[in-house]
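Because only heavy atoms are used, hydrogens play no part in the values below, and waters and symmetry mates are left out as well, while side chains stay in. Keep in mind it's a predicted model, so treat the numbers as computed, not measured.
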Amino acid sequence: MERLEVEAALERVGHDATADSLESETLDFKLVADSVKATHNLLADALVCFVNARGGTVILGVALTALPPPGHQVNLLEPGAPIVSSPAQEHEQVRAGRLAKRTRERHAAVHDLLARGKDLRAIAAELGLARNTVRRFARAASPDELLVNAGTGRRPKALDAFEPYLRRRWNDGCTNAEQLYQELRALGYRGRPTTVRQYLHPWRSAAVKHPPSSPPPTVRQAAGWLLRDPAHLTDDEQRRLEALSHACPPLAALRDHVGAFARMMVERRGDLLERWMTTVDDSLPELRSFVAGLRRDFDAVRAGLTLPHSSGPVEGHVNRVKMLKRQMYGRANPDLLRKRVLLA
């Protein structure tokens, strides 16, 4: 197709004609895809068709729907509005700054050396750059291809133009990616549903903030909270013990039985021992073996919980005799050992 015919087709697109209606065997319109790779694939498919036929022209970046009349302000929130950028907006997207200046200087230097006939290895050595960096500059037709908008380190996405609409719908409570994708298609979006889901994923993660959870208590910690006097527990320990008892009803029953047994010991209420053992047998099978041991020596246990006498001094002497025996093992005869026990 001649150049005049291409310009005529573009002029008709600018006067409310759709790009689809102007396509022919030698003219093809393509939208910019979600990624550079996808765009290249679309162009490659069209060019292969033209090579197999008799040649043609591919126009990239023209909306398939009718363009608005000159001077019309496009509102992305209007259904069916095409994605159009004015020359003024494109001019605002030109990068400036120290990084952009350095990129343009390097691009000019690389292409100047290429024009002199130097290879990539020689250019990399002369400019002090990596060979892959030089190759990237050499492949770029202009420095603008190496610069990304706003210096974010990523190329602009096709969905960025729809972000105001997505933000408004998200704030309205619509968080279904499939529904939003269908609404974007009505606005002229030609990407895939997966792209919409990936674009919304950071929003979904930021919206759901789970409070930091404390680590579960260890067995030693839980046993310490149950066996200690509740008056000596800190507020945090008391709160965590309440939460643990609420989450595990058998543990709550164990807490009550341990507290009742501790009160019997402190207040010397051995007369309540029989009632306590009966209650434990009926409510907490895990303590039945402990209760069976108490029943086998019931009189001694009840006396220990009632009388003020204690076997503590006797246990102390037994411990002292065992210590002396271990110290003198293999070093003294029974006579010397007897004197140490009596006199030490």
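The salt bridge (Lys or Arg N to Asp or Glu O under 4.0 Å) analysis of residues 335-344, with sequence neighbours excluded, yields no pairs. The side-chain hydrogen bond (donor to acceptor under 3.5 Å, both in side chains) pairs that include a residue from residues 117-139 are K118-E126, N132-R135, where partners are two or more places apart or lie in different chains. Pairs engaging residues 238-262 under the salt bridge (Lys or Arg N to Asp or Glu O under 4.0 Å) rule: D236-R239, E242-R255 [sequence neighbours left out]. Within the structure, the salt bridge (Lys or Arg N to Asp or Glu O under 4.0 Å) test picks out no pair touching residues 306-321 (sequence neighbours left out). Screening residues 264-273 for side-chain hydrogen bond (donor to acceptor under 3.5 Å, both in side chains), with sequence neighbours left out, gives R269-D271.
For the salt bridge (charged side-chain N to carboxylate O under 4.0 Å, His left out) test, residues two or more places apart in sequence or in another chain that qualify with R228 are E237. When the salt bridge (charged side-chain N to carboxylate O under 4.0 Å, His left out) test is applied to D299, the partners found at least two apart in sequence or on another chain are R302. With sequence neighbours excluded, the residues satisfying side-chain hydrogen bond (donor to acceptor under 3.5 Å, both in side chains) with R197 are T194. Looking at residues two or more places apart in sequence or on another chain, you find no ring pair (Phe, Tyr, Trp, His ring centres under 6.0 Å) involving Y181. Shown here are the salt bridge (charged side-chain N to carboxylate O under 4.0 Å, His left out) partners of R116, two or more places apart in sequence or in another chain: D112. Judged as a salt bridge (charged side-chain N to carboxylate O under 4.0 Å, His left out), and not counting sequence neighbours, the contacts of D281 are R295.
In the hydrophobic clustering (ILVMFWY side chains linked at under 4.5 Å, chained through shared members), L324 is joined by V321, M323, V341.
How far CZ of F261 is from CH2 of W276: 5.5 Å, rounded to the nearest 0.5 Å.
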